[in-house]
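To keep things clear, I will list the structure first and then write my remarks on it.
Because only heavy atoms are used, hydrogens play no part in the values below, and waters and symmetry mates are left out as well, while side chains stay in. Not measured: the values here are computed from a predicted model.
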Amino acid sequence: MRTTQRRRPELATFLRSRRARVTPADVGMPPGLRRRTPGLRREEVAQLSGVGVTWYTWLEQGRPINASAQVLDAVARTLRLDPPEREHLYRLAQVPFAPDPESLTRSTGPEVQGIIDALDPLPAVVYNSRYDILATNPGYRDLFLIPEIVDIGVANALWTLFTVSEQACPLMHRERELPVMVATLRSSYGRHVGEPAWERFIAGLAAASPYFAELWASGEVVQPGPRVKTFRHKAVGELRMTSQSLSIDGMPECRIVVYTPEDKETREKAARLREHTENPAS
């Protein structure tokens, strides 16, 4: 109850500030005479959003009224809210937030690429919540870049691990690791149920891998977290690496995953792997 009461004045302040910055000219309306409001009037926001003036006034006053996602979207469009502002509006109005369809990040900028490059020789990769591979550094490519994986042609870690042959897969103990990855995927899927890109991905991978289909049907859910994983490489043998996820400001549902050697033997093997990659004939 205390949280709800605190949200209402915050919602009122937020809506008034957003309304004040939108001028009549921004929405194709004449300025009119004797306008004392710096931006739109409440009745103008209501009219443009297709809602009643009284209802919008109560919303802006933070009164305990029910607001649907459709109405909040209409208000957000009128007030020209960007995606973070739209999500903020939903949170304050206590309405479950749903991101725009197909809104999942699919690329990174040079700043993020520079960060993971600076982490080299530690393997580092940028995933979105669907395990699409958005960026990698040389250390990650040393660990994962093998011909059979390249031939798959899908830049997605889950698709790779479920469709590559077990003999070629760089990740060992798949019977232990893959269920965790699928459960992590499902925890993100809850925010994207019904979105065409997600539904196509799930259906496509289920068709390509009966094992994925079996794990997906189990309904298990976990959040991303640090894990010790064992990899194999034909040049150096087994490597035990701890994976750690780091969130990225400005890139919702994306994370940098960094792999660090778990023990002295793995550190020595990782150094030999880099030497082998840089001098394959040696």
Does CG belonging to Asp82 count more than 12 external heavy atoms closer than 6.0 Å?
yes

Under a 3.5 Å threshold, yes or no: a donor from one side chain and an acceptor from the other, between Ser209 and Thr163?
no

Kindly say whether Cys254 contributes a backbone atom to a donor-acceptor pair with the side chain of Asn128 at under 3.5 angstrom?
no

Kindly state each residue pair satisfying salt bridge (Lys or Arg N to Asp or Glu O under 4.0 Å) with at least one member in residues 61-75, sequence neighbours excluded.
Asp73-Arg86

Taking it one step at a time, do Met181 and Leu158 satisfy side chain to side chain contact (heavy atoms under 4.5 Å, CB included)?
CA-CA 8 Å; Met181 294 182 71; Leu158 269 179; 3.8 Å; yes

Are His192 and Phe201 close enough, and set up right, to give a side chain to side chain contact (heavy atoms under 4.5 Å, CB included), and what steps lead you there?
CA-CA 12 Å; His192 299 276; Phe201 176 80; over 6 Å; no

Are Arg18 and Glu85 within salt-bridge range, i.e. N to O under 4.0 Å?
yes

Is there a side-chain contact between Glu87 and Arg91 (heavy atoms, below 4.5 Å)?
yes

Would you kindly confirm whether Met251 and Leu246 end up in one hydrophobic cluster when ILVMFWY residues are joined by side chain heavy atoms under 4.5 Å apart?
yes

Results of side-chain hydrogen bond (donor to acceptor under 3.5 Å, both in side chains) for Arg16 - residues two or more places apart only
none

How many angstroms lie between CZ in Arg186 and CG in Leu215, if you round to the nearest 0.5 Å?
10.0 Å

Are Val53 and Val51 linked, directly or through other ILVMFWY residues, by side chains that come within less than 4.5 angstrom of each other?
no

Members besides Val221 in its Ile/Leu/Val/Met/Phe/Trp/Tyr cluster (side-chain heavy atoms under 4.5 Å)
none

Rounded to the nearest 0.5 angstrom, the CZ-CD1 distance for Arg130 and Ile202 is 8.5 Å

Linking I/L/V/M/F/W/Y whenever any side-chain heavy atoms sit under 4.5 Å apart, do Val258 and Val180 land together?
no

Distance-only, no hydrogens or angles: does the Arg232 side chain make a donor-acceptor pair with backbone N or O of Cys169 under 3.5 Å?
yes

Does the pair Arg255 and Val257 meet the rule for a side chain to side chain contact (heavy atoms under 4.5 Å, CB included), with working shown?
CA-CA 6 Å; Arg255 63 191 187 278; Val257 178; 4.0 Å; yes

When you measure from the side chain of Thr78 to the backbone N and O of Ala74, does any donor-acceptor pair fall under 3.5 Å?
yes

According to salt bridge (charged side-chain N to carboxylate O under 4.0 Å, His left out), who are the partners of Glu265, at least two apart in sequence or on a separate chain?
Lys269

Is it the case that the side chain of Ser49 and the backbone of Ala46 share a donor-acceptor pair, with hydrogens and angles ignored and the cut-off at 3.5 Å?
no

Please report whether the ring centroid of Trp216 lies less than 6.0 Å from that of Tyr211.
no

Are any side-chain N or O atoms of Asn137 and backbone N or O atoms of Ile116, one a donor and one an acceptor, separated by less than 3.5 Å?
yes

Does any pair with a residue in residues 49-60 pass salt bridge (Lys or Arg N to Asp or Glu O under 4.0 Å), and if so which ones, sequence neighbours excluded?
Arg19-Glu60, Arg42-Glu60

Testing the 3.5 Å rule here: is there a donor-acceptor pair between the side chains of Tyr189 and Glu199?
yes

State, yes or no, whether a side-chain contact exists between His233 and Pro170 at a heavy-atom distance under 4.5 Å.
no

Could you list the residues that satisfy side-chain hydrogen bond (donor to acceptor under 3.5 Å, both in side chains) with Glu177, not counting sequence neighbours?
Arg227

Quick one: do Leu15 and Ile65 end up in the same hydrophobic cluster if we chain Ile, Leu, Val, Met, Phe, Trp and Tyr together by side-chain heavy atoms under 4.5 Å apart?
yes

Measuring from atom CG of Leu119 to atom CD1 of Ile256, what distance do you get when rounded to the nearest 0.5 angstrom?
7.0 Å

Using 0.5 Å steps for rounding, measure from the CG atom of Leu40 to the CG atom of Asp26.
7.5 Å

To the nearest 0.5 Å, atom CG of Asn66 lies from atom OG of Ser68 at 9.5 Å

Applying ring pair (Phe, Tyr, Trp, His ring centres under 6.0 Å) as the test, list every pair that has at least one member in residues 69-88; sequence neighbours left out.
Phe14-His88

Residue pair Leu81, Leu89: steps toward the side chain to side chain contact (heavy atoms under 4.5 Å, CB included) verdict:
CA-CA 9 Å; Leu81 303 187; Leu89 172 64; 3.9 Å; yes

Decide yes or no for Tyr131 and Thr160: does some side-chain heavy atom of the first lie under 4.5 Å from some side-chain heavy atom of the second?
no

same_hphob_cluster(Trp58, Leu79) at 4.5 Å side-chain heavy-atom cutoff
yes

Taking the side chain as every heavy atom from C-beta outward, state whether Tyr127 and Leu134 have any atom pair closer than 4.5 Å.
no

Counting C-beta onward and ignoring hydrogens, is there a side-chain heavy-atom pair between Thr230 and Leu239 closer than 4.5 Å?
no

Answer yes or no: is there a side-chain heavy-atom contact under 4.5 Å between Trp198 and Ser188?
yes

CD (Glu175) and CD (Glu166) are apart, to the nearest 0.5 Å, by 8.0 Å

Quick one: does any side-chain atom of Thr242 pair with a main-chain N or O of Glu262 as donor and acceptor, under 3.5 Å?
no

Taking only residues two or more places apart in sequence or in another chain, which ones pass side-chain hydrogen bond (donor to acceptor under 3.5 Å, both in side chains) with Arg174?
none

Among residues at least two apart in sequence or on other chains, which ones pass side-chain hydrogen bond (donor to acceptor under 3.5 Å, both in side chains) with Ser243?
none

Are any side-chain N or O atoms of Tyr90 and backbone N or O atoms of Ala69, one a donor and one an acceptor, separated by less than 3.5 Å?
yes

Non-neighbouring partners of Asp263 that pass salt bridge (charged side-chain N to carboxylate O under 4.0 Å, His left out), sequence neighbours left out
Arg240

With sequence neighbours excluded, tell me which residues meet side chain to side chain contact (heavy atoms under 4.5 Å, CB included) with Pro121.
Arg274

Phe231 vs Tyr259 aromatic rings, parallel, tilted or perpendicular, using cut-offs 30° and 60°?
perpendicular

Pair Arg41 + Glu44, salt bridge at N-O below 4.0 Å:
yes

Main-chain N/O of Glu10 paired with Thr13 side-chain donor or acceptor, under 3.5 Å
no

Is Met172 isolated, or which residues cluster with it under the ILVMFWY side-chain rule of less than 4.5 Å, directly or via members?
none

Test item: Ile133 and Asn156 side chains (from C-beta on) under 4.5 Å apart, heavy atoms:
no

